Amino acid sequence: MANLETFKSEATAWLEENCPASMRKHGGGADAEFTRKKRSGDSLLWLDRCAEKGWIAPSWPTEYGGGGLSTEEHVALVGIMKKMNIPAPLGGMSLTMIGPTLLELGTEEQKKEHLPGITSGNVHWCQGYSEPNAGSDLANLQTKAEDKGDHFIINGSKIWTSGAMHADWMFCLVRTDPNVQKQKGISFVLFPMTDPGVSLSPIKLISGQSPFCQVFFDNVRAEKSNLIGKVNEGWTVGKRLLQHERSSIGGGGSSRFGISMTLNDAAKKYRGDENGKIDDPLLKLELTRQDIDTQAFALTTKRITDETMSGVTPGFATSMLKYYGSELTKDSAEMMVSIMGPQGLGRDDDRDNFSDDERGSTRAWLFTKALTIAGGCSEVQLDIISKRILELPTG
Amino acid sequence: MANLETFKSEATAWLEENCPASMRKHGGGADAEFTRKKRSGDSLLWLDRCAEKGWIAPSWPTEYGGGGLSTEEHVALVGIMKKMNIPAPLGGMSLTMIGPTLLELGTEEQKKEHLPGITSGNVHWCQGYSEPNAGSDLANLQTKAEDKGDHFIINGSKIWTSGAMHADWMFCLVRTDPNVQKQKGISFVLFPMTDPGVSLSPIKLISGQSPFCQVFFDNVRAEKSNLIGKVNEGWTVGKRLLQHERSSIGGGGSSRFGISMTLNDAAKKYRGDENGKIDDPLLKLELTRQDIDTQAFALTTKRITDETMSGVTPGFATSMLKYYGSELTKDSAEMMVSIMGPQGLGRDDDRDNFSDDERGSTRAWLFTKALTIAGGCSEVQLDIISKRILELPTG
Amino acid sequence: MPLILNDDQKLLKDSAKDFFSKSMPVKQLRQIRDDEVTECYSTDSWKEIVDLGWSGITVEEEFGGLEFGYLGLGVILEEGGRTLAASPLFSTCVLGAAALSIAGNQEQKSELLPLLVQGDLILSLAIEEGAAHAPQRTRTTASKSGDSFTINGTKTFVLDASSADKMIVVTRTSGEAGSNAGLTLFLVDSNSKGVSITSHKMADSRNACTVVFDNVSVPAANVLGQVDNAADDLQDILSIGQICISADMLGSTREAFERTVEYIKMREQFDTILGTKQALQHRAAQLYTEIELAKSVVIAGLQAIDEGQRGDALAKTASLTKSKVGETFTLASSEAVQMHGGIGMTDEEEIGFFLKRARTTEHTLGDVRYHQNRYGDLLGL
Amino acid sequence: MPLILNDDQKLLKDSAKDFFSKSMPVKQLRQIRDDEVTECYSTDSWKEIVDLGWSGITVEEEFGGLEFGYLGLGVILEEGGRTLAASPLFSTCVLGAAALSIAGNQEQKSELLPLLVQGDLILSLAIEEGAAHAPQRTRTTASKSGDSFTINGTKTFVLDASSADKMIVVTRTSGEAGSNAGLTLFLVDSNSKGVSITSHKMADSRNACTVVFDNVSVPAANVLGQVDNAADDLQDILSIGQICISADMLGSTREAFERTVEYIKMREQFDTILGTKQALQHRAAQLYTEIELAKSVVIAGLQAIDEGQRGDALAKTASLTKSKVGETFTLASSEAVQMHGGIGMTDEEEIGFFLKRARTTEHTLGDVRYHQNRYGDLLGL
């Protein structure tokens with residue numbers, strides 16, 4: 001363990017020196033999903049320094065621009081950063097979804113082509129999974145890819161594409177064989193969003209924001225060299241990737257909405273007496289229970305990570321984490337606006353009367369309703385738990 | 001309304017004079033399910049006086065020994081008795097289930113034969129519905145009745161027969177045609193429990209009590225004159241009777257277990273400070289919510305009764321009342337033992353260390369677990385609500 | 001009293017259902033929001049409501065009202081809740097009219113109630129000062145100087161203040177924040193010197209304002225009720241308000257639920273109609289049961305007002321009603337969005353309006369926490 | 001520390017599973033109940049446990065123990081919980097051993113811990129005085145007279161007191177009921193003059209006693225820890241007890257859940273296997289998730305003890321653990337009975353034993369209410 005201790009003290013020193021002070025506060029990670037070209041100032045500086053150090057993706061191999069850290073070192077680094085209140089330099093599905101999938105299932109050429117774009121903070125990816133009217137029934141997809149020898153020509157549409165307006169590339173499930181059972185005949189392809197056949201239509205949400213698009217494909221070209229896995233076997237790749245997605249959606253937190261307060265802080269501010277003491281017994285109880293559930297869930301995430309590191313396959317445990325984590329985050333966001341009372345219920349564009357924290361909380365409240373719907377809704381996760389883990393029979 | 005006021009003052013005067021003081025306390029209705037021959041003292045006196053007045057079944061026609069009261073008068077009488085803390089002279093399924101069913105569907109001869117036994121407090125009925133392994137799937141019954149001209153010969157077994165050891169007669173669902181869809185081919189018959197072919201085996205419950213029996217039939221004789229409805233159409237009669245059962249199981253209360261305290265009283269006694277003030281905020285909240293739900297449910301029962309009296313058919317609302325009422329009673333019993341702490345968890349036979357209230361609460365806690373299982377379990381009621389009321393489709 | 005509507009009330013309910021669904025559907029609210037209408041309601045629709053006589057439904061005949069009672073007002077509010085109809089009905093004809101009827105003297109009533117009934121007086125109750133509903137913690141002061149009072153303080157979440165002619169302002173004339181003694185109600189002209197009103201856009205597309213009183217001078221004749229002793233009157237006004245807003249919430253709850261049931265009856269996923277899924281069926285059935293309970297507490301609450309229940313008894317009824325309905329509306333609107341899935345997350349689908357409305361009404365005159373805590377106190381626990 | 005068992009702990013878990021399922025299955029508990037065994041446990045089985053060395057699993061080697069830590073003890077308790085194994089392990093080797101280790105002086109430890117490890121000393125903690133767990137409200141007094149103390153008072157729900165050689169008695173030597181200051185722990189021989197022990201039959205077929213102390217004279221040498229200042233030691237002893245009983249409860253919870261899942265996999269109704277019903281599936285999946293959380297807080301709690309966490313930090317961990325596990329066991333055992341249907345209501349089926357055990361362990365060292373209230377206080381809310 002001596003080496004790990006050395007690593008920890010070196011990491012602490014490096015972070016102390018390189019992470020700009022303005023990033024080291026709650027909400028400092030607000031830009032986490034933006035690539036280099038959308039950033040400026042300290043946020044850009046922090047991204048660049050991490051890219052150089054390899055710490056955008058600390059555990060990926062150095063040959064692709066990662067940090068080459070062991071799992072223990074990576075866990076230690078995350079712990080140190082959390083303690084120092086330092087945000088991850090980059091977040092989003094490039095790192096959490098397509099990256100790990102390429103590392104696991106991509107060819108050497110594919111890794112070399114795509115991973116450095118991620119680890120340098122230059123390339124942003126979006127996901128082409130859901131389709132209009134398919135809902136949680138992902139496999140029921142209609143976007144068609146026609147085999148043209150060295151490439152495919154794609155026509156159709158995807159919906160709920162997060163960050164499509166900022167994305168450089170898309171990873172996409174397409175139908176390459178319409179004449180077989182729906183889970184078969186699907187392929188997993190990558191193509192650039194700059195293709196002239198790609199067009200976008202933003203979807204306005206109940207939160208007033210439009211973070212998602214419907215994406216239309218009109219003869220879009222995807223090279224065969226960018227096919228992950230075999231033709232017609234993309235469903236397996238897609239499902240593997242979803243397991244990464246589940247653990248990441250399950251987590252989440254308030255910082256991405258730019259909220260600088262914890263629930264307990266907010267309760268003291270909005271509902272406390274002069275000393276911040278909360279004299280509403282019911283509110284105190286709700287905060288207590290939320291804290292207990294949050295701690296228990298954090299311990300569970302840790303336990304399952306530890307089990308995985310000790311060689312146990314997590315399997316469908318990700319469904320449990322996704323289910324509980326997304327419900328918990330949703331409840332937490334609901335509780336935040338409920339604590340703020342009317343101040344938590346302003347309209348998004350009313351900057352005069354509602355503070356950034358308040359508007360952020362309102363947005364988070366409405367946006368987090370999607371967490372239990374997207375990425376396989378809670379009901380689907382419960383179906384998976386009951387069938388795959390508990391092995392309850394199908395009717 | 002002048003007549004109703006007269007009725008009220010006369011009823012009050014009669015009750016004041018005729019109901020023995022020992023009956024007018026919480027728990028005074030403990031004998032309510034016993035017929036004359038099991039009673040003595042004030043409990044017998046009260047039964048006899050009511051029988052004479054016709055107030056064992058106040059709203060039944062006087063020709064069968066009832067009180068002949070109008071619905072308004074009956075409602076008023078129940079209200080007065082509640083206010084005066086006077087228990088009903090008789091309870092149980094003779095009055096709430098087979099009586100109303102005979103009044104509605106029996107022939108004149110059948111009414112004349114069976115109703116006076118109930119209104120005089122002499123005859124106790126039990127129900128032969130459930131069978132071993134059938135659970136909530138009532139229609140899946142195997143007890144066979146063979147047509148012998150003027151009578152049937154019955155062979156088979158019933159389970160969960162409440163009060164079979166005290167019963168004089170049974171109303172029973174039997175299979176008269178095994179070769180049709182299971183809901184068809186069922187008949188509804190009555191026969192005396194004194195038949196030599198009837199034998200009983202008590203079922204010991206988790207509460208330590210044995211209020212139910214398994215009942216075995218070995219060539220038991222049921223007269224055809226005691227067939228209610230037509231042969232092979234007993235399922236309709238049986239279902240009608242169940243609607244009466246549902247509203248009665250949904251209700252229930254603590255008094256039948258001989259508990260002399262309300263939840264709030266118990267909380268003050270077991271958990272309060274010197275002044276009975278409860279300084280446990282969580283307990284206070286639980287009591288508040290239970291009280292709110294109880295009030296809201298009582299208002300709902302009243303509203304649906306009022307709607308029925310104004311001509312609206314209650315229909316499947318009884319499923320809602322049964323579902324919610326049984327869950328509420330179960331929760332209330334659970335809360336009672338939880339308030340009493342270890343004193344609420346004595347073994348039933350330990351009379352030295354646990355008071356009657358405590359032992360009654362432990363029994364009620366364990367026994368009320370059956371309320372959401374028997375008479376169509378909660379899951380079946382929710383199925384009925386979703387299919388019959390909400391008209392959600394079947395898969 | 002039986003917990004049912006009489007024939008006149010049933011007729012009124014049918015008229016209200018017809019009016020709101022035709023003249024004030026949910027899409028009217030969307031239009032008002034998108035058009036950035038200042039009042040956040042349609043003045044034309046408000047005029048129609050006045051013409052139907054509904055502005056005076058609880059007001060005594062001697063002041064030009066219909067004297068039809070709160071059960072009558074309740075069915076109008078419930079049907080309005082179904083279409084999320086935005087109007088000053090709640091601020092003016094529930095809170096304003098109740099304040100005048102309960103606390104006003106004969107002169108104030110004869111002068112103002114007829115104007116209110118005719119739609120010529122919009123009233124607004126200025127009570128809240130922070131995130132939590134807590135009248136006894138009022139800090140806005142009114143200090144006497146000669147024949148007038150000077151008001152200083154800030155009120156928040158003042159519904160419809162942007163279009164109000166007068167405000168009923170809860171102030172403290174004596175005592176400490178936290179005490180019920182020392183509260184006084186004032187009628188204050190909105191255009192008085194020193195009053196500044198900032199209009200907010202709320203998530204539910206309604207209007208609420210922050211109102212600052214900076215040395216606002218009000219004649220003593222504008223005191224509503226007794227100086228220092230408004231607490232009892234105020235409690236009754238608020239109880240009536242809590243029960244009436246519950247009627248409004250009940251309508252929205254029922255509509256959100258019915259739309260959801262209809263949606264899952266037709267939506268297909270994995271080649272199956274969603275509504276055939278037993279897990280959803282049971283959740284729908286449980287929600288149905290909760291709504292049945294909510295219906296009962298609302299009709300019982302309205303009846304209690306009509307039967308003259310007042311004071312702590314009415315406060316307990318009001319807390320029963322608003323806590324039960326509040327929980328149910330929150331649950332029903334959350335389940336509605338979840339069961340609508342992705343489509344429910346879009347602004348294009350109307351179900352999101354119900355979710356937002358659930359949360360603002362939740363904070364109107366006390367949230368579930370406030371009412372459960374108070375109910376427990378009133379139970380003597 | 002990773003939240004997993006090491007290889008030695010895994011081996012121990014396998015041995016424990018094997019031992020309890022073979023030697024102490026649920027039917028042993030039924031037999032003990034039906035035979036009206038006074039101690040409410042099998043002395044033969046207890047001897048086997050001692051022979052396996054488990055009585056000394058947390059005790060330091062210098063006192064004859066295995067010094068294997070609380071994570072080791074936890075897996076034994078969990079596996080014992082699966083079969084509802086009744087033994088003095090909790091009262092003696094958790095509470096008793098922790099009290100001696102934390103509060104005992106060198107002499108007391110050297111004398112008593114070896115006896116405890118060898119199975120020759122049964123201990124029992126006499127702490128409760130009413131329905132609610134509330135150590136600071138202790139009213140049992142100990143007054144000093146010369147070289148000894150005189151104890152007066154009544155203790156309730158004293159686990160295994162009927163077979164205890166000595167009791168550890170929580171008394172008040174000064175201060176008012178409600179204050180943490182003034183508490184003192186005593187070691188009292190069960191056969192002392194003035195001690196009367198009444199054995200109770202509890203619903204879970206275990207033993208608990210009411211112990212009356214009537215002018216019981218105890219030498220000053222029997223004070224465990226410091227006079228008047230036992231509060232901190234007591235808090236640590238109780239935290240350890242709360243986490244350990246949670247491990248026991250977790251085992252019972254998992255067993256009840258697994259039996260239920262197996263039952264609905266085979267039970268048929270309406271010509272359908274119950275386990276195919278989606279509403280039951282979702283409830284089972286939610287319960288599974290809660291149990292996963294319960295597993296995490298138990299292992300983290302045991303680890304915290306082993307890592308030397310003490311004081312308020314350990315109390316907060318203990319409240320997290322016991323409240324989460326308590327809620328889960330209550331839910332799991334209630335769902336188990338409901339899903340077993342009528343058969344679950346019969347004494348013949350074993351599932352009812354889990355329901356009863358859930359409620360007595362719920363009241364052992366603080367119910368969910370106590371722990372949620374305390375956790376909130378420790379959060380500084």
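Here is the naming used below: chain letters follow the sequence lines, and residue numbers restart at 1 for every chain. Note that this is a predicted model, so its numbers are computed, not measured.
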- Message: Show, in sequence, the C-alpha distance, side-chain angles and deciding distance for L392(B) and T276(C), and conclude whether the side-chain contact (heavy atoms from CB on, under 4.5 Å) test is met.
- Response: CA-CA 7 Å; L392(B) 286 166; T276(C) 61; over 6 Å; no
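- Among the candidates L379(C), L293(C), L320(C), T321(C), the single residue satisfying the side-chain contact (heavy atoms from CB on, under 4.5 Å) test with I292(B) is L320(C).
- Using a 4.5 Å cut-off between heavy atoms, I304(B) touches chain C through its side chain atoms alone.
- D306(B) contributes no side-chain N or O that, together with a main-chain N or O of I4(C), makes up a donor-acceptor pair within less than 3.5 Å.
- Using a 4.5 Å cut-off between heavy atoms, S323(C) touches chain B through its side chain atoms alone.
- Of the atoms belonging to T272(C), not a single heavy atom falls under 4.5 Å from chain B.
- Both the backbone and the side chain of Q286(C) come within less than 4.5 Å of a heavy atom in chain B.
- For chain C, the option among T301(B), L287(B), D291(B) with the highest count of heavy-atom pairs below 4.5 Å is D291(B).
- The CG atom of L5(C) sits 9.5 Å away from the OG atom of S310(B) when rounded to the nearest 0.5 Å.
- P393(B) has its side chain within reach of K265(C): a pair of non-hydrogen atoms, C-beta onward, lies under 4.5 Å apart.
- Put simply, the side chain of Y375(C) does not reach to within 4.5 Å of the side chain of R289(B), judged on heavy atoms.
- For K284(B), the parts lying near chain C are the backbone and the side chain together; criterion is any non-hydrogen pair under 4.5 Å.
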Just list the side-chain donor-acceptor pairs under 3.5 Å for residues 294-301 of chain C, sequence neighbours left out, or say none.
{"unit_1": "K295(C)", "atom_1": "NZ", "unit_2": "E292(C)", "atom_2": "OE2", "d": "2.9"}
{"unit_1": "S296(C)", "atom_1": "OG", "unit_2": "T300(B)", "atom_2": "OG1", "d": "2.8"}
{"unit_1": "S296(C)", "atom_1": "OG", "unit_2": "R303(B)", "atom_2": "NE", "d": "2.9"}
{"unit_1": "S296(C)", "atom_1": "OG", "unit_2": "R303(B)", "atom_2": "NH2", "d": "3.4"}
{"unit_1": "S296(C)", "atom_1": "OG", "unit_2": "E292(C)", "atom_2": "O", "d": "2.9"}

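- Using a 4.5 Å heavy-atom threshold, the side chains of Q295(B) and K324(C) count as separate.
- With values rounded to the nearest 0.5 angstrom, T394(B) atom OG1 is found 11.0 Å from Q278(C) atom CD.
- Atoms OG and CD1, from S386(B) and I264(C) in turn, are 9.0 Å apart once rounded to the nearest 0.5 Å.
- When atom types are taken as modelled, the side chain of K277(B) and the backbone of L381(C) share a donor-acceptor pair closer than 3.5 angstrom.
- Interatomic distance, T317(C) OG1 to L299(B) CG, rounded to the nearest 0.5 Å: 9.0 Å.
- Looking at F297(B) and T289(C), their side chains never come closer than 4.5 Å, going by heavy atoms from C-beta outward.
- Heavy atoms of L285(B) lying under 4.5 Å from chain C belong exclusively to its side chain.
- One finds the CZ atom of F316(B) at 11.0 Å from the OH atom of Y288(C) (value rounded to the nearest 0.5 Å).
- Within 6.0 Å of atom CZ in R137(C), 12 or fewer heavy atoms from other residues, nucleotides or ligands are found, so the atom counts as exposed in its surroundings.
- In terms of heavy atoms, T288(B) sits closest to Q372(C) at CG2-O, 3.2 Å.
- Neither the backbone nor the side chain of M266(C) comes within less than 4.5 Å of any heavy atom of chain B.
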- Message: Using the rule given for side-chain contact (heavy atoms from CB on, under 4.5 Å), can you reason through D383(B) versus H282(C), listing the C-alpha separation, both sets of side-chain angles and the distance that settles it, and then say yes or no?
- Response: CA-CA 7 Å; D383(B) 282 342; H282(C) 279 202; 2.8 Å; yes
